[in-house]
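Report on the following structure.
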Amino acid sequence: MLIGELSRRTGVSTRLLRYYEEQGLLAAGRDPNGYRRYGDGSVVTVRKIRVLLEAGLSTEVIRQVLPCTKDDGPEFDWCSGIRDILDRELAVIDDRIEGLQRNRGAIAGFLTRPGEH
DNA sequence: TTTCTTACA
DNA sequence: TGTAAGTA
């Protein structure tokens, strides 16, 4: 199928589909006229990419993790060092949460202080 | 009409 | 990401 059909079947814009390819997430063949040609598997690949993206993973992490996903559900077939990569992601998220909690505490403090208005 | 690349908002 | 331009 061409990019337009893949776009309709996945709900992802052609712009993004080309971007995914540029990021090494989605493979595409080429027709003699230069048009990208996709196989049926591309539909599930795009769905997996979306799930992973919604988990907040960067395209770089997805590139490493995608080849180790199972055909059906987006999730994994624990090969290579996927666990380490994902564990590291969890750690950076925890760090962000800590920082946000500090921000929250500071702002909440401003609100509990009697205003001079 | 659809797709392609490049580039700007 | 959307969109414009100029093609094939």
Side-chain angles (χ1 to χ4, degrees):
Chain A
M1 73 189 94
L2 297 180
I3 197 170
E5 185 182 343
L6 180 59
S7 175
R8 285 193 301 278
R9 297 220 275 177
T10 60
V12 174
S13 69
T14 57
R15 174 76 164 83
L16 234 27
L17 255 16
R18 295 188 186 101
Y19 180 67
Y20 291 164
E21 179 181 18
E22 190 179 295
Q23 296 302 300
L25 306 182
L26 181 64
R30 292 285 182 159
D31 278 356
N33 58 15
Y35 287 11
R36 269 166 267 251
R37 170 80 43 182
Y38 300 92
D40 295 325
S42 295
V43 176
V44 311
T45 299
V46 172
R47 294 204 175 115
K48 288 187 207 170
I49 292 173
R50 298 191 67 187
V51 171
L52 265 16
L53 242 20
E54 283 167 13
L57 297 177
S58 64
T59 54
E60 185 191 334
V61 170
I62 294 177
R63 191 184 312 131
Q64 302 175 290
V65 148
L66 199 57
C68 294
T69 58
K70 295 230 171 184
D71 295 324
D72 47 316
E75 292 313 312
F76 316 99
D77 184 6
W78 308 107
C79 51
S80 56
I82 302 301
R83 311 199 84 115
D84 301 319
I85 295 175
L86 261 23
D87 278 341
R88 201 184 54 193
E89 285 306 305
L90 233 39
V92 317
I93 290 174
D94 287 339
D95 286 343
R96 287 187 191 140
I97 290 175
E98 271 185 55
L100 288 173
Q101 286 178 324
R102 274 196 293 281
N103 294 159
R104 209 210 97 89
I107 294 174
F110 300 156
L111 296 174
T112 56
R113 185 148 39 212
E116 40 280 353
H117 290 186

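Chain A is the first sequence line, chain B the second, and so forth, proteins listed ahead of strands; every chain is numbered from 1. Worth saying up front: this structure is predicted, and the values here are computed from it rather than measured.
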**Item:** Neighbour count above 12 (heavy atom, 6.0 Å) for A:Arg30 CZ
**Value:** yes
**Message:** Are there over 12 heavy-atom neighbours, none belonging to A:Arg37, within less than 6.0 Å of that residue's CZ?
**Reply:** yes
Take atom [atom1] of [X] and atom [atom2] of [N], then tell me their distance rounded to the nearest Å.
X	N	atom1	atom2	answer
A:Glu21	B:dT3	CD	C1'	13 Å
A:Tyr19	C:dG2	OH	P	13 Å
A:Arg18	B:dT2	CZ	C1'	10 Å
A:Asn33	B:dT2	CG	C1'	10 Å
A:Leu17	B:dT5	CG	C1'	16 Å
A:Tyr38	B:dT3	OH	C1'	10 Å
A:Leu2	C:dA8	CG	P	19 Å
A:Leu16	B:dC4	CG	P	14 Å

**Request:** Look at the side-chain N and O atoms of A:Arg36 and state whether any lies under 4.0 Å from the OP1 or OP2 oxygen of B:dT3.
**Result:** no
**Request:** Answer yes or no: does a side-chain N or O of A:Arg15 lie under 4.0 Å from OP1 or OP2 of C:dT3?
**Result:** no
**Prompt:** side chain to side chain contact (heavy atoms under 4.5 Å, CB included) with A:Leu26: which of A:Thr45, A:Val12, A:Leu16?
**Reply:** A:Thr45
**Message:** So A:Thr14, base contact, sugar-phosphate only, or nothing? Heavy-atom distance under 4.0 Å.
**Reply:** nothing
**Message:** Classify A:Arg30 by what it touches in the nucleic acid, base, sugar-phosphate, or nothing, heavy-atom distance under 4.0 Å.
**Reply:** sugar-phosphate
**Request:** Using both distances under 3.5 Å as the test, list the Watson-Crick or G-U wobble partner of B:dT2, or none.
**Result:** C:dA8
**Item:** Where A:Leu6 and A:Val46 come nearest, the two heavy atoms and their spacing
**Value:** CD2-CG2, 4.3 Å
